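A quick write-up on the structure given underneath.
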Protein chains: 2
Amino acid sequence: MSSYDVYAKNCPTRLVLDRLADKWALLVLNRLTDEPVRFNRLRRDIEGVSQKVLTQTLRNLERDGLVAREVFPTVPVTVEYSLTPLGRTLTQTVAALTHWAEENFDSVRLAQQSFDASKAGHARL
Amino acid sequence: MSSYDVYAKNCPTRLVLDRLADKWALLVLNRLTDEPVRFNRLRRDIEGVSQKVLTQTLRNLERDGLVAREVFPTVPVTVEYSLTPLGRTLTQTVAALTHWAEENFDSVRLAQQSFDASKAGHARL
DNA sequence: CCGTATCCGACCGGATACTG
DNA sequence: CAGTATCCGGTCGGATACGG
């Protein structure tokens with residue numbers, strides 16, 4: 001079964017999947033879907049990400065060819081990030097994931113509460 | 001723009017997205033797509049995951065209502081994991097992600113090599 | 001404005017040993 | 001077989017300071 005190769009350690013797909021399995025990466029790709037965005041704008045819009053981590057995330061995405069970085073020689077300097085053609089091939093899927101999360105949040109929360117309640121009896125400290 | 005709420009810190013969707021943005025979780029969901037799987041089978045099939053981390057991943061997915069855990073009173077005990085109906089609503093999207101990774105691995109690798117080569121001049125240790 | 005560099009505490013995950 | 005418990009080194013990420 002070649003479709004099971006995905007689970008193998010040496011499967012190249014795992015390397016790509018590891019990168020996508022990153023909450024900030026997904027949020028960045030999502031934010032860049034409609035328009036190019038400057039660094040600090042991105043930093044402000046995606047609440048909770050530090051400058052360091054956002055930079056790392058963007059570098060990784062740039063290295064993978066999903067995001068393009070363009071520097072404008074203004075004073076002070078302006079840097080715009082946008083999706084590459086390769087990156088755009090991912091937007092449908094990323095949007096689907098986000099959409100699922102929006103649609104099913106209530107179900108997930110309900111399941112969590114139910115799960116936690118059923119385990120409450122064990123909390124005998 | 002309500003569709004931008006996804007990026008807000010307090011957005012509930014972020015909580016769900018954080019959980020899905022996990023490489024092991026995605027691989028587990030993928031592996032459970034076609035059939036229920038026992039714990040050690042899962043551990044063997046998904047190379048590189050430790051028992052501890054696989055357990056944690058499965059507990060989280062169970063808590064979120066995506067995965068069901070069934071214990072069979074055999075000797076020794078047998079535990080089967082499967083997708084819940086809620087979990088099955090995710091399989092299309094997860095499969096799409098995996099499929100993208102398979103399709104575009106070459107492009108990503110090429111981009112990485114190109115990126116690394118362009119930065120080689122800075123490696124003056 | 002857009003980073004890089006450094007320090008440092010918190011958390012993650014592997015190894016190991018033990019239970020039902 | 002399927003976990004839980006504990007230890008413990010490595011990594012991640014926040015804070016801060018500084019540079020182009």
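None of these values were measured; they are calculated from a predicted model. Proteins come first, then strands; the chains are lettered A, B, ... in the order of their sequence lines, and each starts at number 1. No hydrogens, no waters, no symmetry mates; every other heavy atom, side chains included, goes into these values.
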Give the rounded distance in Å between these two atoms: [atom1] of [X] and [atom2] of [N].
X	N	atom1	atom2	answer
B/Asp18	D/dG13	CG	P	12 Å
B/Glu62	D/dA2	CD	C1'	13 Å
B/Lys23	D/dC12	NZ	P	10 Å
A/Asn60	D/dT11	CG	C1'	15 Å
B/Gln56	D/dA2	CD	P	18 Å
A/Arg43	D/dG14	CZ	C1'	10 Å
B/Glu47	C/dG14	CD	C1'	17 Å
A/Leu42	C/dC2	CG	P	10 Å

Keeping [X] on the side-chain end and [Y] on the backbone end, is there a donor-acceptor pair under 3.5 Å?
X	Y	answer
A/Thr33	A/Leu29	yes
B/Arg43	B/Val49	yes
B/Thr78	B/Thr74	no
A/Arg63	B/Asp116	no
B/Ser114	B/Leu110	no

Handout entry: Nearest-nucleotide pick for B/Asn40, side chain only, options being D/dC1, D/dG3, C/dC2
Key =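 Side chain of B/Asn40 sits closest to D/dC1.
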Validation: residues 19-28 of chain B side-chain donor-acceptor distances under 3.5 Å, sequence neighbours left out:
from: B/Asp22; atom 1: OD1; to: B/Trp24; atom 2: N; distance (Å): 2.8
from: B/Asp22; atom 1: OD1; to: B/Ala25; atom 2: N; distance (Å): 2.9

Handout entry: D/dG3 OP1/OP2 closer than 4.0 Å to side-chain N/O of B/Tyr81
Key =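 It does, given that an N or O in the side chain of B/Tyr81 lies less than 4.0 Å from OP1 or OP2 of D/dG3.
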Exercise for the section: Would you indicate, yes or no, if C/dC1 has its OP1 or OP2 atom less than 4.0 angstrom from a side-chain nitrogen or oxygen of A/Arg38? Expected result: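 It does not, given that no N or O in the side chain of A/Arg38 lies less than 4.0 Å from OP1 or OP2 of C/dC1.
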Tell me what [X] touches on the nucleic acid: a base, only sugar-phosphate, or nothing, going by heavy atoms under 4.0 Å.
X	result
B/Val79	sugar-phosphate
A/Val77	base
A/Phe72	nothing
A/Arg59	sugar-phosphate
A/Arg69	sugar-phosphate

Exercise for the section: Using Watson-Crick or G-U wobble pairs with both distances under 3.5 Å, give me DNA chain C in dot-bracket, 5' to 3', with [ ] for crossers and | for pairs to another strand. Expected result: |.||||||||||||||||||
Distances under 3.5 Å only, N/O to N/O: pair up the protein atoms with those of nucleotides 15-17 of chain C.
none

Exercise for the section: Give the minimum heavy-atom separation between B/Glu102 and A/Thr13, together with the two atoms involved. Expected result: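 Of all heavy-atom pairs spanning B/Glu102 and A/Thr13, the closest is CG-OG1, 3.3 Å.
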Handout entry: DNA chain D: 5'-proximal contact among A/Val53 and A/Pro76 (nearest heavy atom)
Key =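 Between the two, 5'-proximity favours A/Val53.
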Exercise for the section: Decide if atom CD of A/Gln113 counts as having more than 12 heavy atoms of other residues, nucleotides or ligands within a radius under 6.0 Å. Expected result: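 Yes, CD of A/Gln113 has more than 12 neighbouring heavy atoms, counting only those of other groups under 6.0 Å.
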Problem - Close side-chain approach of B/Val37 to B/Arg31, heavy-atom, < 4.5 Å - result: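 In contact.
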Problem - Within-4.5 Å side-chain heavy-atom neighbours: A/Tyr81 and A/Val67 - result: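 Yes; the side chains approach each other to less than 4.5 Å.
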